[in-house]
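To keep things clear, I will list the structure first and then write my remarks on it.
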2 protein chains.
Amino acid sequence: MKSNTTEYLKQHRVKPSFQRIKIFDYLITKKNHPTADIIYKELVNEIPTLSKTTVYNTLKLFVEKEITQIINIEDNETRFDADISTHGHFKCLNCNTIYDFSFDDKNINIFDIEGFDKIQTHLYIKGICKTCKN
Amino acid sequence: MKSNTTEYLKQHRVKPSFQRIKIFDYLITKKNHPTADIIYKELVNEIPTLSKTTVYNTLKLFVEKEITQIINIEDNETRFDADISTHGHFKCLNCNTIYDFSFDDKNINIFDIEGFDKIQTHLYIKGICKTCKN
DNA sequence: AACAAATATGTAGTCATTACAATTTATAAT
DNA sequence: ATTATAAATTGTAATGACTACATATTTGTT
Ligand SMILES: [Mn+2]
Ligand SMILES: [Mn+2]
Ligand SMILES: [Zn+2]
Ligand SMILES: [Zn+2]
């Protein structure tokens with residue numbers, strides 16, 4: 001039986017290799033906005049022959065095929081998200097957790113760039129999460 | 001006669017050295033959201049003894065003292081902005097220009113993170129600018 | 001002037017990412 | 001099934017942004 005991921009990758013013109021399926025499954029189930037290194041360190045336990053280059057190559061491919069987005073909330077680390085719906089990211093400056101949130105795209109009044117073609121929107125908020133406040 | 005920058009730096013507990021004034025003036029007059037390297041390459045013409053380390057140190061100091069903000073619109077480059085007012089950034093994927101825009105902070109409906117303390121908000125939009133469309 | 005503190009500089013090192021060549025695996029043809 | 005060809009993975013070396021740190025210079029104070 002083929003997994004959902006296999007079909008999903010095929011639909012987006014990504015050949016579903018063993019490593020690619022594992023990496024995509026990791027992203028979609030964990031939803032933790034990991035760095036390439038975090039993905040590698042976790043998956044190398046399951047796949048001892050895994051190469052870090054493969055993780056980088058695969059993530060780059062996913063981004064090209066638009067099934068993964070890059071999260072640049074912090075300048076010293078590139079993070080990845082297989083949820084490509086338009087949603088915002090909140091990083092807690094205390095516990096470093098990155099939370100998803102939704103926002104009303106239409107409701108933002110944007111000035112000064114009328115007539116520009118807007119392709120991607122990224123909304124990042126930093127602060128202290130509810131858990132850390134208590 | 002002391003420059004405006006000198007006074008501004010003092011007010012924000014930054015000792016106004018020659019290099020710091022030059023770097024801050026560069027940011028505030030050019031408004032080009034440069035990388036550390038761009039600042040260095042431009043200013044080293046005026047100040048031949050300038051060190052790239054000084055540029056990095058100075059920018060880090062400016063960020064600490066909250067007179068400069070970091071722009072993470074692209075993952076391979078850290079950019080800087082001496083305009084610390086809340087405003088958005090639009091990057092044209094064709095000409096790579098980064099445009100400022102204003103947005104109505106209050107008007108964004110944000111869900112799922114009620115009760116979180118929001119300290120910084122960054123809104124990044126990528127697309128094609130009006131000039132490149134024509 | 002002499003001293004101490006702050007700042008700037010240059011070099012060496014770190015770390016995330018990429019380039020590239022060599023293996024391995026998958027696909028197609030015979 | 002065997003061979004040939006293409007695609008994907010791997011390991012290593014290189015790159016480049018940034019930082020650590022020791023030294024030199026500047027600034028301010030006695
Ligand atoms: Mn997300
Ligand atoms: Mn700006
Ligand atoms: Zn927290
Ligand atoms: Zn443009």
Side-chain angles (χ1 to χ4, degrees), chain A residues 2-3 5-6 9-10 12-26 33-65 67-81 96, chain B residues 2-3 5-6 9-10 12-26 33-65 67-81 96:
Chain A
K2 298 275 176 80
S3 70
T5 299
T6 302
L9 294 180
K10 277 185 188 169
H12 292 83
R13 310 174 314 287
V14 174
K15 288 197 182 169
S17 74
F18 179 73
Q19 289 84 346
R20 287 169 181 175
I21 294 169
K22 285 291 185 184
I23 291 170
F24 194 83
D25 277 343
Y26 180 88
H33 312 97
T35 62
D37 194 60
I38 290 171
I39 297 171
Y40 172 75
K41 285 203 169 77
E42 287 247 2
L43 289 185
V44 78
N45 295 317
E46 275 186 75
I47 316 161
T49 59
L50 184 65
S51 164
K52 198 175 278 188
T53 302
T54 299
V55 178
Y56 279 106
N57 289 343
T58 302
L59 291 169
K60 175 179 268 189
L61 180 69
F62 287 173
V63 172
E64 276 168 18
K65 301 295 186 181
I67 57 173
T68 294
Q69 63 168 323
I70 293 174
I71 306 298
N72 281 324
I73 198 166
E74 212 65 67
D75 59 300
N76 51 348
E77 52 187 30
T78 303
R79 295 182 171 270
F80 298 88
D81 191 352
N96 291 324
Chain B
K2 298 276 175 80
S3 71
T5 300
T6 303
L9 293 180
K10 277 185 190 171
H12 293 83
R13 308 172 316 286
V14 173
K15 288 198 181 168
S17 74
F18 179 71
Q19 289 86 344
R20 288 171 181 174
I21 293 169
K22 284 291 184 185
I23 292 171
F24 195 82
D25 277 343
Y26 180 89
H33 311 97
T35 62
D37 195 59
I38 290 172
I39 298 171
Y40 172 76
K41 285 203 171 76
E42 288 246 0
L43 289 185
V44 78
N45 296 318
E46 277 187 75
I47 316 162
T49 59
L50 182 66
S51 164
K52 197 175 279 190
T53 303
T54 299
V55 177
Y56 279 107
N57 288 342
T58 302
L59 291 168
K60 175 178 268 189
L61 180 68
F62 287 173
V63 172
E64 278 168 18
K65 301 295 186 180
I67 58 173
T68 294
Q69 63 167 321
I70 293 174
I71 306 298
N72 282 324
I73 197 166
E74 213 64 68
D75 59 299
N76 50 351
E77 51 187 33
T78 303
R79 295 182 171 272
F80 297 89
D81 191 350
N96 292 324

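Only heavy atoms go into these numbers, but all of them, side chains included; no hydrogens, no water, no symmetry mates. All chains are named by letter (A, B, ...) in the order of the sequence lines, taking the proteins before the strands, and each is independently numbered beginning at 1.
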>> In this structure, how many angstroms lie between the C1' atom of C/dA16 and the CD atom of B/Glu74, rounded?
In response: 16 Å

>> On DNA chain C, compare the nucleotides closest to B/Lys15 and B/Asp75; which residue's is nearer the 5' end?
In response: B/Lys15

>> Let's see if you get this right: which residues in residues 38-62 of chain B place a heavy atom under 4.0 Å from DNA chain C?
In response: B/Thr49, B/Leu50, B/Ser51, B/Thr53, B/Thr54, B/Asn57

> Quick one: A/Asn72 CG to D/dA17 C1', roughly how many Å, whole number?
Replying inline: 15 Å

> Is there a residue in residues 19-26 of chain B whose heavy atoms reach under 4.0 Å of DNA chain C, and which residues are they?
Replying inline: B/Gln19, B/Arg20

> Considering residues at least two apart in sequence or located in another chain, which fulfil the side-chain contact (heavy atoms from CB on, under 4.5 Å) criterion with A/Tyr40?
Replying inline: A/Val44, A/Leu50, A/Lys52, A/Val55

> Could you give the CZ-to-C1' distance, from B/Phe80 to D/dA17, as a whole number of Å?
Replying inline: 11 Å

> Of the options A/Thr78, A/Asp75, A/Ile73, which is the one that meets B/Asn72 in a side chain to side chain contact (heavy atoms under 4.5 Å, CB included)?
Replying inline: A/Asp75

> Is there side-chain contact between A/Phe80 and A/Ile70, with at least one heavy-atom pair below 4.5 Å?
Replying inline: yes

> Mind checking what makes salt bridge (charged side-chain N to carboxylate O under 4.0 Å, His left out) contact with B/Lys41, not counting sequence neighbours?
Replying inline: B/Asp37

> Whole Å only: how far is the CD1 atom of A/Ile70 from the C1' atom of C/dA16?
Replying inline: 13 Å

> A/Asn76 CG to D/dA20 C1': how many Å, rounded?
Replying inline: 16 Å

> So, the side chain of A/Arg79 versus the backbone of A/His33: is there a donor-acceptor pair under 3.5 Å, distance only?
Replying inline: yes

> Taking atom P of D/dC18 as reference, at what distance in whole Å does atom CD of A/Glu77 sit?
Replying inline: 14 Å

Donor-acceptor contacts under 3.5 Å from residues 13-25 of chain B side chains, at least two apart:
unit_1, atom_1, unit_2, atom_2, d
B/Ser17, OG, B/Arg20, N, 3.2
B/Arg20, NH1, B/Lys15, O, 3.0
B/Lys22, NZ, B/Glu46, OE1, 2.9
B/Asp25, OD1, B/Thr5, OG1, 2.4

> Would you say B/Ser17 reaches D/dT26's phosphate, i.e. side-chain N/O to OP1/OP2 under 4.0 Å?
Replying inline: no

> Is there a side-chain contact between A/Tyr26 and A/Ile38 (heavy atoms, below 4.5 Å)?
Replying inline: yes

> What is the distance from atom CD1 of B/Ile39 to atom CG of B/Leu59, rounded to the nearest 0.5 Å?
Replying inline: 4.5 Å

> Among all residues two or more places apart in sequence or in another chain, which pass the salt bridge (charged side-chain N to carboxylate O under 4.0 Å, His left out) test with B/Glu64?
Replying inline: none

>> On DNA chain D, does the nearest nucleotide to B/Thr35 precede the nearest nucleotide to B/Phe18 from the 5' side, or the other way round? Give the residue.
In response: B/Thr35

> To the nearest angstrom, how far is A/Arg79 atom CZ from C/dT17 atom P?
Replying inline: 10 Å

